[in-house]
Peer 1: 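Take a look at this one; I'll ask things after.
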Amino acid sequence: MRWSQGFLPTLRDDPADAEAASHRLLVRGGFIRQLGAGIYSVLPLGRRVLLKIERIIRQEMVGIGGQEFHLPALLPAELWKESGRWDEIGQEMFRLRDRREADLCLGMTHEEIFADLARNELRSYRELPQIWFQIQSKFRDEPRPKSGVLRTRQFTMKDSYSFDSTWEGLDRSFELHLEAYKRIFGRCGLETIAVEAWSGAMGGKESVEFQSFSEAGEDWAVTCPGCAYAANLEKAVSQVDAVEDPEDEAAPERFPTPGVHTIEELARFPGGAPAERQIKTLFYVVDGKPTLFLLRGDHDLSEVRAVDATGTANLRPGHPDEIQESLGASAGSLGAVGVDHLTVYADEALRGRRGMTTGANEDGFHLHHVDVARDLRSPHWVDLREVRRGDRCTKCGTELEVRRSIELGHIFKLGLRYSESMGVRVLNAEGQEVPVVMGSYGIGLERLMAAVVEAHHDENGICWPVSVAPWEAVVVPVKVTDDRQRSVAERLYGELQEAGVEVLLDDRDERAGVKFKDADLIGIPLRVVVGPRALAHGNVELFERAAASSSEVAIEQAASSVGEKIG
RNA sequence: CGGGGCGUGGCGCAGUCUGGUAGCGCACUAGCUUUGGGAGCUAGUGGUCGCCGGUUCGAGUCCGGCCGCCCCGACCA
């Protein structure tokens with residue numbers, strides 16, 4: 001394509017409200033434009049990148065036996081009511097009514113719809129396994145869209161669903177996806193790790209996320225340098241570092257702590273206690289009922305674990321007035337000693353601890369000499385603690401690392417979650433009707449594009465890997481009004497097109513600096529510069545964007561050199 | 001939903017405190033000069049100052065309400 005005829009709206013300035021590099025560069029480079037919070041238009045440049053990502057995904061999905069569908073995004077409520085998710089999923093689902101007042105929603109995922117097709121059409125185990133996929137828009141009313149296209153309310157997802165007659169079959173389908181996903185991300189130029197994850201609203205028994213390390217991410221990946229262990233922070237486990245408590249037979253004793261509201265303040269307070277010798281008391285409202293979560297002072301609550309422990313996702317931190325009403329004190333002076341009118345969950349790390357310090361349920365006072373076993377009224381012992389950097393791996397004892405990451409894909413062993421609620425059954429070899437064992441697998445495409453930018457950019461712009469670059473090469477005549485330069489540039493443009501290279505010709509009558517800046521910004525991997533310096537020797541320059549390295553080749557060799565470099 | 005910030009030509013911003021009828025840089029149009037890393041000069045185009053209401057002779061500016069967007073904490077591809 002000729003640049004002068006294309007729509008490539010690059011901006012000279014960074015957009016004011018973009019912080020993440022991918023957001024900034026994709027907007028500035030003319031790949032995307034914002035329409036609303038978490039709603040983006042994809043421009044021609046961005047579309048080319050997404051189509052390349054789609055092609056890679058499609059090839060790999062077909063490679064594991066996947067068959068492509070295209071389901072509606074506008075979905076009747078009935079199927080969701082059947083699976084129970086119409087009520088389970090809260091405000092994240094976009095809901096609407098048609099003119100007959102029938103409930104509908106915009107698809108946020110398609111388990112129900114594929115399960116409906118499966119139950120209507122599949123009859124025998126001999127038709128299985130099946131892997132069905134689509135590449136389609138998803139809608140999720142995120143509480144907080146952010147970072148450009150990393151987290152949006154409408155996005156494109158490759159979602160696939162496997163149907164097997166046995167659990168072993170599900171394991172195979174899952175494994176096929178695991179390997180396909182590794183290839184997909186690798187081909188897009190991303191290093192990823194597969195981590196154990198929490199299944200969340202999808203349900204099912206086991207799930208794995210693919211994450212790419214990036215400071216722009218919103219997830220945390222816990223990895224063990226000593227063994228293969230890797231997990232999402234939500235799911236990660238670790239050994240508790242043991243704390244030696246002194247002999248302390250004394251009864252709990254109230255003591256004044258004026259102005260102390262936090263663990264840190266109490267640790268610094270004369271006569272206070274180090275964080276690991278305090279009991280942190282968190283007040284939550286769970287299914288409408290006030291509830292306490294107890295942790296070691298230096299540990300943090302994992303809300304996902306709290307959800308697991310309580311069996312409901314309906315929980316939130318208590319409001320100040322609720323706390324006051326239940327315990328007669330404000331957050332910062334709370335404790336569970338003597339509390340028997342609230343449900344209390346205690347983290348395993350507190351088991352057997354004594355000589356502890358905790359709030360006295362009276363503002364400005366704490367208790368010393370608390371013996372967990374003796375002074376707490378039969379709490380529910382559960383795992384509430386969030387893993388942190390430096391904790392030891394449960395498998396090999398090595399210190400764990402915790403790093404920011406972007407969740408690129410998530411694969412789930414759904415098991416019978418949908419086949420039982422929706423009646424997806426086939427006959428097995430014995431002629432008995434059995435529920436189909438399902439899996440579901442998703443990749444967010446725009447997020448994947450953004451993650452590639454996060455991983456491949458510098459101060460001048462994006463450095464696309466050739467596999468997903470909007471154009472593979474750009475031919476830049478330094479001065480288009482120069483006849484020699486223009487004719488050589490046209491010649492190379494033609495030769496490269498002939499050779500099947502996706503090539504741009506920057507035929508704009510702009511100064512060289514403008515054209516170089518733009519080419520850097522939009523990240524074309526290879527730039528062929530046609531200028532007087534090299535032409536004097538019958539050469540042109542080849543500039544490799546990512547390496548920022550330049551070399552000269554003879555005009556006659558230029559097209560084939562480009563072909564070699566872009567592989 | 002809690003906290004913080006911001007809405008002024010396409011983009012980036014000033015002007016708001018202290019009311020007087022909208023300005024700068026970039027981009028865009030035309031001309032001349034220039035031409036290897038975002039050129040210079042000249043002349044132009046383009047804005048109901050987020051929306052509604054109020055105060056006032058007069059509102060971008062003051063008051064009230066609403067809407068939108070960004071960032072930080074609880075959710076997910």
Peer 1: Base, sugar-phosphate or nothing for D219(A)? Non-hydrogen atoms, less than 4.0 Å.
Peer 2: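 The residue D219(A) makes base contact.
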Peer 1: Once you apply a heavy-atom cut-off of 4.0 Å, does E446(A) come out as touching a base, just sugar-phosphate, or nothing?
Peer 2: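 Result for E446(A) = nothing.
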Peer 1: What nucleic acid atoms does K146(A) come within less than 4.0 Å of, heavy atoms only: base, sugar-phosphate, or nothing?
Peer 2: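 It contacts sugar-phosphate atoms only.
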Peer 1: Of all the nucleotides listed (A77(B), G38(B), G73(B)), which has the minimum atom distance to the side chain of R144(A)?
Peer 2: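 Selected nucleotide: G73(B).
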Peer 1: Looking only at side-chain N and O atoms, does R511(A) come under 4.0 Å of OP1 or OP2 in A39(B)?
Peer 2: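 So the side-chain polar atoms of R511(A) do come within 4.0 Å of the phosphate oxygens OP1 or OP2 of A39(B), strictly under.
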Peer 1: At under 4.0 Å between heavy atoms, what does E541(A) touch on the DNA or RNA strands: base, sugar-phosphate, or nothing?
Peer 2: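 Base, at least one base atom sits under 4.0 Å.
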Peer 1: Roughly how far, to the nearest 0.5 Å, is CZ of R33(A) from OH of Y40(A)?
Peer 2: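 Interatomic distance, Y40(A) OH to R33(A) CZ, rounded to 0.5 Å: 11.0 Å.
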Peer 1: Pairing check on U61(B): which nucleotide meets the Watson-Crick or G-U wobble criteria with it, both distances under 3.5 Å?
Peer 2: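 When the pairing criteria are applied, nothing turns out to pair with U61(B), so the answer is none.
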Peer 1: Which part of the nucleic acid does G90(A) contact within heavy-atom distance under 4.0 Å: base, sugar-phosphate only, or nothing?
Peer 2: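 Nothing, no heavy atom under 4.0 Å.
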Peer 1: Under a 3.5 Å cut-off for both contacts, is C41(B) paired Watson-Crick or G-U wobble with anything, and if yes, with which nucleotide?
Peer 2: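 Base-paired to G31(B).
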Peer 1: Looking across every strand, which nucleic acid part, if any, lies under 4.0 Å from G409(A) by heavy atom: base, sugar-phosphate, or nothing?
Peer 2: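 Sugar-phosphate: the residue G409(A), judged by heavy atoms under 4.0 Å, touches backbone atoms but no base.
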Peer 1: Taking any heavy-atom pair under 4.0 Å as a contact, classify P317(A): base, sugar-phosphate, or nothing.
Peer 2: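 No contact.
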Peer 1: For E209(A), which contact category applies under a 4.0 Å heavy-atom criterion: base, sugar-phosphate, or nothing?
Peer 2: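 Here E209(A) touches no strand at all.
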Peer 1: Assess whether one donor atom and one acceptor atom, taken from the side chain of D14(A) and the base of G12(B), lie less than 3.5 Å apart.
Peer 2: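 For D14(A), whose side chain was compared with the base of G12(B), there is no donor-acceptor pair (under 3.5 Å).
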Peer 1: Quick check on C70(B): is either OP1 or OP2 less than 4.0 Å from any side-chain nitrogen or oxygen of Q34(A)?
Peer 2: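 Answer is yes, contact under 4.0 Å.
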Peer 1: Ring of F155(A) versus six-membered ring of A77(B): centres under 5.5 Å and planes under 30°?
Peer 2: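 Yes.
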Peer 1: Base, sugar-phosphate alone, or nothing: which one does T156(A) contact when heavy atoms must sit under 4.0 Å apart?
Peer 2: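 Since no nucleic acid heavy atom lies under 4.0 Å of T156(A), the category is nothing.
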Peer 1: Looking at every strand, decide which applies to G444(A) at a 4.0 Å heavy-atom threshold: base, sugar-phosphate, or nothing.
Peer 2: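 Base contact.
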Peer 1: Does a side-chain N or O of R140(A) approach OP1 or OP2 of C76(B) to a distance below 4.0 Å, or not?
Peer 2: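 No, because none of the side-chain N or O atoms of R140(A) sits under 4.0 Å from OP1 or OP2 of C76(B).
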Peer 1: Would S162(A) and H177(A) count as having a side-chain donor-acceptor pair, cut-off 3.5 Å?
Peer 2: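 Looking only at side-chain atoms, H177(A) and S162(A) do not form any donor-acceptor pair under 3.5 Å.
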Peer 1: With side-chain contact (heavy atoms from CB on, under 4.5 Å) as the test, would you mind laying out the steps for V503(A) and W471(A) before giving the verdict?
Peer 2: CA-CA 6 Å; V503(A) 59; W471(A) 302 93; 6.0 Å; no
Peer 1: Please name the pair of heavy atoms, one in I323(A) and one in G318(A), separated by the smallest distance, quoted to 0.1 Å.
Peer 2: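 Smallest interatomic distance, heavy atoms only, reads CD1-O, 3.9 Å.
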Peer 1: Does N460(A) reach a base, just sugar-phosphate, or nothing at all? Heavy atoms under 4.0 Å.
Peer 2: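 Touches nothing.
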Peer 1: Could you check whether any side-chain N or O of R417(A) sits under 3.5 Å from a backbone N or O of S83(A), counting only pairs where one atom can act as donor and the other as acceptor?
Peer 2: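 Yes, because the side chain of R417(A) sits within donor-acceptor range (under 3.5 Å) of the backbone of S83(A).
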